[in-house]
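One structure below.
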Amino acid sequence: MHVATMIKASIVALVIGEVQMSHASDDKDELCEAAWIKASAQHITQEHADYEGLLHYWEENAAQCEGSVAYRSRKAFIYTFLDQPEKAKLIISKIQKKTKFDY
């Protein structure tokens with residue numbers, strides 16, 4: 001399976017709620033998703049996409065959601081757009097190990 005396909009599958013699974021997590025993890029994922037919306041709005045517009053800036057922001061502000069499936073999926077998503085599929089693949093493989101789903 002191609003890395004881009006794996007990443008899309010992981011994000012889809014996250015969005016439709018197939019990944020089962022504890023209540024604490026759900027809270028962490030909600031915070032992470034709110035941070036993602038803010039960060040992506042600041043770094044990605046119709047005229048310009050600053051994925052390097054988005055990655056930098058995402059890593060600097062990781063404390064609130066680091067380790068969550070949402071954080072890892074979004075980080076893999078960024079690496080895909082930065083044409084760094086091996087880094088994206090590594091992140092997705094770690095998600096696979098923590099869940100029962102095969103992406």
Side-chain angles (χ1 to χ4, degrees):
M1 183 180 290
H2 289 86
V3 173
T5 303
M6 289 172 54
I7 293 167
K8 288 177 186 174
S10 70
I11 292 170
V12 168
L14 171 65
V15 170
I16 63 174
E18 287 184 7
V19 178
Q20 296 177 351
M21 296 170 273
S22 69
H23 180 69
S25 293
D26 288 343
D27 290 344
K28 189 179 234 187
D29 278 321
E30 285 181 28
L31 289 171
C32 190
E33 192 62 20
W36 173 259
I37 291 168
K38 177 183 175 186
S40 60
Q42 291 173 347
H43 292 90
I44 302 170
T45 65
Q46 288 182 336
E47 297 83 29
H48 178 70
D50 177 15
Y51 291 105
E52 287 287 343
L54 182 57
L55 178 62
H56 181 74
Y57 177 90
W58 201 234
E59 290 175 335
E60 277 191 346
N61 295 282
Q64 66 185 352
C65 58
E66 187 172 28
S68 71
V69 174
Y71 176 80
R72 290 178 181 177
S73 296
R74 298 301 193 179
K75 192 170 182 180
F77 180 79
I78 296 167
Y79 279 130
T80 300
F81 281 94
L82 291 174
D83 197 25
Q84 297 180 26
E86 290 306 313
K87 287 183 179 181
K89 187 176 179 179
L90 179 63
I91 292 169
I92 295 301
S93 71
K94 290 179 182 179
I95 295 170
Q96 281 181 300
K97 290 176 186 175
K98 288 191 157 214
T99 66
K100 65 179 183 175
F101 299 100
D102 183 21
Y103 296 110

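Not measured: the values here are computed from a predicted model.
- You'll find the side chain of Leu55 reaches within 4.5 Å of the side chain of Tyr79, heavy atoms only.
- The shortest side-chain heavy-atom distance between Lys75 and Lys87 does not fall under the 4.5 Å cut-off.
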Exercise. Evaluate the side-chain hydrogen bond (donor to acceptor under 3.5 Å, both in side chains) criterion for residues Glu60 and His56: first the C-alpha distance (whole Å), next the side-chain angles of each, then the deciding distance (0.1 Å), finally the verdict.
Key: CA-CA 6 Å; Glu60 277 191 346; His56 181 74; 2.8 Å; yes

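- Interatomic distance, SG of Cys32 versus CZ of Arg74, reported as 8.0 Å (0.5 Å rounding).
- In this structure, the side chain to side chain contact (heavy atoms under 4.5 Å, CB included) partners of Leu90, at least two apart in sequence or on a different chain, are Ser93, Lys94.
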Quiz prompt | From CA spacing to verdict: side-chain contact (heavy atoms from CB on, under 4.5 Å), Trp58, Ser40 | solution = CA-CA 9 Å; Trp58 201 234; Ser40 60; over 6 Å; no

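- Using modelled atom types, no side-chain atom of Ser73 and backbone atom of Ala70 make a donor-acceptor pair closer than 3.5 Å.
- Contact check for Asp50 versus Ile44: no side-chain heavy atoms found under the 4.5 Å cut-off.
- Heavy-atom minimum distance, Ile91 versus Arg72: CG2-O, 3.1 Å.
- Note: the hydrophobic cluster containing Tyr57 does not contain Tyr51 (ILVMFWY, side chain heavy atoms under 4.5 Å, direct or indirect links).
- Between the side chain of His43 and the backbone N or O of Ala39 there is at least one donor-acceptor pair closer than 3.5 Å.
- Side-chain atoms of Thr80 come within 3.5 Å of backbone N or O of Ala76 as a donor-acceptor pair.
- You'll find the side chain of Glu30 stays beyond 4.5 Å of the side chain of Glu33, heavy atoms only.
- Under a 3.5 Å cut-off, the side chain of Trp36 and the backbone N or O of Tyr71 do not form any donor-acceptor pair.
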